[in-house]
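Inspection log for the structure reproduced underneath, given as structure tokens.
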Protein chains: 2
Amino acid sequence: MAELEKYITNYFGITEQNALKGISSLFKYTKINKGTFLQKQGNHCNTMGFVLSGYQRFFALMDGKEVTQWIAHQGEFTVDLTGFITGSPSRWSIQALTDSELYIIQKSDYDRLDQLVPRWFEFEKLFMVRCFTTMEDRIFSHLSMTAEERYHFFFKHNKELFNRVPLQYIASMLGMSAETFSRIRKKQLG
Amino acid sequence: MAELEKYITNYFGITEQNALKGISSLFKYTKINKGTFLQKQGNHCNTMGFVLSGYQRFFALMDGKEVTQWIAHQGEFTVDLTGFITGSPSRWSIQALTDSELYIIQKSDYDRLDQLVPRWFEFEKLFMVRCFTTMEDRIFSHLSMTAEERYHFFFKHNKELFNRVPLQYIASMLGMSAETFSRIRKKQLG
DNA sequence: GCTTCTTCTTGATATAGATCAAGAAATCAT
DNA sequence: ATGATTTCTTGATCTATATCAAGAAGAAGC
């Protein structure tokens, strides 16, 4: 659990020992196999997962095609944040791309955190802002960068991912076809 | 002020009369002329504006070109949310595209809202989630839609904007050149 | 290890959208 | 109103990226 607490400190800015113990006690360690769905599009969002290891893909169907919105990895949360917080149906399916280890919290437990942790909503708010900032950056990358620039920028910050998951999903997440991705990669490799 | 309170209810889900009075008392009515900067990129974010009328463009310089990230209108907030909440330098410049009326709150007053409004952080959190969802939708539109589809989708929901501000900014915000925008528009008009 | 299935690459071709350039239309200032 | 400035349109051309198709490489199952 030490790892979870460390991450909660990093993510939510919470340092009080009691609060950390309280929060982490509500998360359950879970192993899942490659291919397992943590969430199906359109369903209720009942759980939030914190990634210890492995990769999970967020995607939605659009005109019969799967569009990958995000690939979560260690230290991130697997959840359709919108659905989880507001109760709306999940906009994404979430599927493990590799065997994965997660800490999972149930929605009903999550909703009690404010009773357990002083200033919980304040921390949560800061977490949301961070998520918002990430999204804002991604939009800007689509307004101002070419596919090749997006590739390089993403590669610089996520090198390990390129060896671990099918590249077609990274391509989709960056808004380009698998073939374009492959050609940019070839150039890059030499 | 009634209008502001109505919007605060819609945006933040706050309905208690005392809370609404308290919040709206911290906002100051302000008129600004077309061209005025509410925020300059790189500066501190000291104010948050609530739009009563007019249009304000968020943009950043990228390789010497201005990229429009968003155009705010009535009922929205003009602020670099990230900078305003976290204290980081503003990522955007914000400039009035038309004469505008705003309610403006100072950061120092905003930071006292939690003492004034019970459950303020909780409301604020929900506000952040809504902003996050909007961004997530926009990203998905770039991953799954053509320029023409983005045009039509945006037009459907923002018809009035097309008569009020230079179209080149809408084009930039949708991630296409002004010429492409013009051609799509021509097709659409007949 | 061989087979099967999935993923990746590569070439050929098509196309959406960018860029450049010039003129038309609209808006603004005096 | 008139001229100046900004914005929009249009055509010509170019280029980034998509699509299609087929084979190569890699991973997984037996």
task: Examine D:dT9: is either OP1 or OP2 under 4.0 Å from a nitrogen or oxygen in the side chain of B:Arg185? Give yes or no.
output: yes
query: Using a cut-off of less than 4.0 Å, is there contact between a side-chain N or O of A:Lys186 and OP1 or OP2 of C:dT10?
result: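 Yes, within the criterion.
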message: Contact list please: residues 146-179 of chain A against DNA chain C, heavy atoms, distance less than 4.0 Å, in numerical order.
response: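 Heavy-atom cutoff 4.0 Å gives A:Pro166, A:Leu167, A:Gln168, A:Glu179.
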message: Is it true that A:Gln74 and A:Glu3 share a donor-acceptor pair across their side chains at a distance under 3.5 Å?
response: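 A:Gln74 and A:Glu3 do have a side-chain donor-acceptor pair below 3.5 Å.
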message: Parallel, tilted or perpendicular: which one describes the rings of B:Phe77 and B:Phe127, with boundaries at 30° and 60°?
response: perpendicular
Ring geometry between B:Phe181 and B:Phe162 (parallel below 30°, tilted from 30 to 60°, perpendicular above 60°): parallel
Between [atom2] on [N] and [atom1] on [X], what's the gap in Å once rounded to a whole number?
| X | N | atom1 | atom2 | value |
| --- | --- | --- | --- | --- |
| B:Phe181 | D:dC8 | CZ | P | 8 Å |
| A:Gln188 | C:dC8 | CD | C1' | 15 Å |
| B:Leu189 | D:dT10 | CG | C1' | 15 Å |
| B:Tyr55 | D:dT7 | OH | C1' | 18 Å |
| A:Asn33 | D:dG29 | CG | P | 11 Å |
| B:Glu66 | D:dT6 | CD | P | 13 Å |
| B:Met145 | D:dT17 | CE | C1' | 19 Å |
| B:Asp99 | C:dT27 | CG | P | 15 Å |

- request: Please confirm whether A:Tyr7 and A:Phe50 have ring centers closer than 6.0 angstrom.
  value: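 Yes - the distance between ring centres of A:Tyr7 and A:Phe50 falls below the 6.0 Å cut-off.
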message: Once you apply a heavy-atom cut-off of 4.0 Å, does B:Arg183 come out as touching a base, just sugar-phosphate, or nothing?
response: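 The answer is base, as B:Arg183 lies within the cut-off (heavy atoms under 4.0 Å) of a base atom.
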message: Using the salt bridge (Lys or Arg N to Asp or Glu O under 4.0 Å) criterion, which residues pair with B:Arg119? Sequence neighbours excluded.
response: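 By the salt bridge (Lys or Arg N to Asp or Glu O under 4.0 Å) rule, B:Arg119 matches B:Glu122.
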message: Please give me the minimum heavy-atom distance between B:Ile104 and B:Gly49, naming the atom from each residue.
response: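 Looks like CG1-CA, 4.2 Å.
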field: B:Arg57 to B:Tyr169 six-membered ring, cation-pi geometry met (6.0 Å, 45°)
entry: yes
